[in-house]
S.K.: 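First, the structure itself, so that you have it in front of you.
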Amino acid sequence: MDVNTGSHRDAWLGILLVLTSALAWSTMGLFVRMVPDVDIWNVVFWRCIFGGPSIIALAMIERKRWSFEWRRTMAPAGIAITSLIATGLFASIYSMQNTTIANGGVIYSTVPFMAAILAWLWFRERPGVSTIFCTFAAIVGVVVTVSGTVNAGGGHLKGDLAMVYVAFAIAMMTVIMRRYRDTPMLESVAVACFMAAIFAFFFADPFNVPIGEIALLGLFGIITQGVALGVYTMGARRLPAAQATLLSSAEMPMAPLWVWFFFDEMPAMETFVGGALVLAAILWNIVMELRAGPSAETIA
């Protein structure tokens, strides 16, 4: 098979996988709003109890063998990813319980630009001029969004800041995956789920959660971890860090729509303005990527 043809197919598979993960990720806010009376410890515990095994199953399906490379997760890259994901799991739930889904979506959408900066700082994966320009536009969008929170009294500020950390964690995870492709990333994500569940258990009261809500949290874990995190991990290995996180930001316009439709959660005007800036930056960057064609790194 022609090397370039195979590389192009692999890149398109990566794009499809990352977009699928974005759709799954966009339902996170909806699930959090469906269990408003469940605290963060119980949410993380049940979400991870179901999410971890779903990632293991996905890894076995992808590799077509009944094995799981636990030992290799002890490599520095695997440990780093495990730590980032485990802490990000708590931060994401805290954020969604303490700010609007729209605010969280706008802030999270800066992941591609964080990844581009981190990749450049670490191993000089140089972003294009359009990515640099769009990074500044996205930063302005986040500043506008957070300013709305501050002007409203700062009630959502802690939730906004928690989502900033989530965005950093996902960006850093993506860059590590790009740098160390041989590290078993799905295993690292699964271990992170189990670590988070064990930690949450000491503060939770999971068996007093109603069965119906446990079922919702189980579905929450499977869709937003097994499908979202797992499929994203598979897709991100096939793409440059900035491009992978850029595509994953397609969840931004979808996430607020779920909670607006089902819960009538209306974002502040600053969120609309900031979100429009970030979305414009994402779309412009995608257009520039398509016009430029696959990078040398992608088809090498």
Side-chain angles (χ1 to χ4, degrees), residues 24-55 82-108 145-146 149 152-170 173 189-230 251 255-268 271:
W25 250 319
S26 72
T27 63
M28 284 186 63
L30 177 62
F31 278 109
V32 170
R33 292 294 184 267
M34 291 173 72
V35 286
D37 298 326
V38 183
D39 63 36
I40 183 173
W41 307 109
N42 285 307
V43 171
V44 171
F45 176 81
W46 284 116
R47 182 190 179 202
C48 290
I49 284 294
F50 285 90
S54 68
I55 293 173
T82 298
S83 301
L84 289 166
I85 294 301
T87 52
L89 289 169
F90 286 99
S92 62
I93 300 301
Y94 179 85
S95 175
M96 292 182 183
Q97 290 181 338
N98 291 277
T99 190
T100 64
I101 302 305
N103 270 28
V106 170
I107 295 169
Y108 178 81
T145 300
V146 175
T149 294
H156 294 159
L157 188 57
K158 290 182 179 179
D160 290 348
L161 293 177
M163 189 56 71
V164 170
Y165 174 76
V166 174
F168 167 79
I170 295 296
M173 182 192 80
V189 176
V191 171
C193 288
F194 294 130
M195 286 180 57
I198 292 170
F199 185 81
F201 180 77
F202 291 102
F203 301 92
D205 190 9
F207 302 109
N208 281 335
V209 178
I211 294 296
E213 293 184 341
I214 291 176
L216 282 174
L217 292 171
L219 192 61
F220 183 19
I222 292 170
I223 291 176
T224 62
Q225 290 182 331
V227 176
L229 270 175
E251 74 161 287
L257 289 177
W258 295 114
V259 292
W260 173 73
F261 184 77
F262 288 101
F263 294 96
D264 199 27
E265 182 176 300
M266 182 61 67
T271 302

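Reckoned from all heavy atoms, side chains included, excluding hydrogens, waters and symmetry mates. We're numbering straight along the sequence, starting at 1.
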S.K.: Please report the interatomic distance CZ(R33) to OG1(T27), rounded to the nearest 0.5 Å.
M.R.: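 These two atoms lie 13.5 Å from each other.
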S.K.: For F90 and A196, which heavy atoms make the closest approach, and how far apart are they?
M.R.: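 Minimum heavy-atom separation between F90 and A196: CZ-O, 3.5 Å.
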S.K.: Measure the spacing between CD1 of I101 and OG of S26 and express it to the nearest 0.5 Å.
M.R.: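 That separation rounds to 11.0 Å.
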S.K.: To the nearest 0.5 Å, what is the distance between SG on C48 and CE on M195?
M.R.: 11.0 Å
S.K.: Determine, stepwise, if the pair L30 / F261 fulfils side chain to side chain contact (heavy atoms under 4.5 Å, CB included).
M.R.: CA-CA 10 Å; L30 177 62; F261 184 77; over 6 Å; no
S.K.: Between CD1 of I93 and CG of N98, what distance do you get to the nearest 0.5 Å?
M.R.: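 It comes to 11.0 Å.
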S.K.: With side chains defined as the heavy atoms from C-beta onward, is the minimum distance between V44 and F201 less than 4.5 Å?
M.R.: no
S.K.: Could you pull out the closest heavy-atom pair between V227 and A24, with the gap in Å?
M.R.: CG1-CB, 3.7 Å
S.K.: W258: which residues meet the ring-ring contact (aromatic ring centres under 6.0 Å, His included) condition with it, sequence neighbours left out?
M.R.: none
S.K.: With side chain to side chain contact (heavy atoms under 4.5 Å, CB included) as the test, would you mind laying out the steps for F50 and I214 before giving the verdict?
M.R.: CA-CA 10 Å; F50 285 90; I214 291 176; 4.3 Å; yes
S.K.: Less than 4.5 Å apart, any side-chain heavy atom of V166 and any of S95?
M.R.: no
S.K.: Which pair of heavy atoms, one from Q225 and one from R47, lies closest together, and at what distance?
M.R.: OE1-O, 3.1 Å
S.K.: Can you name the side chain to side chain donor-acceptor pair (under 3.5 Å) partners of D264, sequence neighbours left out?
M.R.: none
S.K.: So do D39 and F203 actually touch side chain to side chain, heavy atoms under 4.5 Å?
M.R.: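 No, too far: nothing below the 4.5 Å cut-off.
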S.K.: Which atom names give the shortest non-hydrogen contact between N42 and A204, and what distance separates them?
M.R.: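 N42 and A204 have their closest heavy atoms at OD1-CB, 3.2 Å.
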S.K.: Can you find a pair of side-chain heavy atoms, one from Y165 and one from T87, that are under 4.5 Å apart?
M.R.: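 Of all side-chain heavy-atom pairs linking T87 with Y165, at least one is under 4.5 Å.
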S.K.: Which atom pair, heavy atoms only, marks the closest approach of G52 to C193?
M.R.: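 Closest pair (atom of G52, atom of C193, distance): CA-CB, 3.8 Å.
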S.K.: Does any part of the side chain of F220, heavy atoms only, come nearer than 4.5 Å to the side chain of M28, both counted from C-beta?
M.R.: yes
S.K.: Quick one: CD1 on I198 to CZ on F45, what's the gap to the nearest 0.5 Å?
M.R.: 9.5 Å
S.K.: Could you report the tightest heavy-atom contact between G104 and T99, atom names first, then the distance?
M.R.: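 It is N-CG2, 4.4 Å.
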S.K.: Can you find a pair of side-chain heavy atoms, one from M173 and one from I85, that are under 4.5 Å apart?
M.R.: yes
S.K.: Give a yes or no on whether the backbone of N103 and the side-chain of T100 come within a donor-acceptor separation of less than 3.5 Å.
M.R.: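 Side chain of T100 to backbone of N103: a pair is present.
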S.K.: Rounded to the nearest 0.5 Å, what's the gap from CG on L216 to CD1 on I211? Could you check?
M.R.: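 Taking CG in L216 and CD1 in I211, the distance rounds to 11.5 Å.
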S.K.: Given side chain to side chain contact (heavy atoms under 4.5 Å, CB included), test K158 with Y94 step by step and report yes or no.
M.R.: CA-CA 9 Å; K158 290 182 179 179; Y94 179 85; 3.5 Å; yes
S.K.: I'd like to check D205 versus W41 (side-chain heavy atoms, cut-off strictly below 4.5 Å). Are they in contact?
M.R.: no
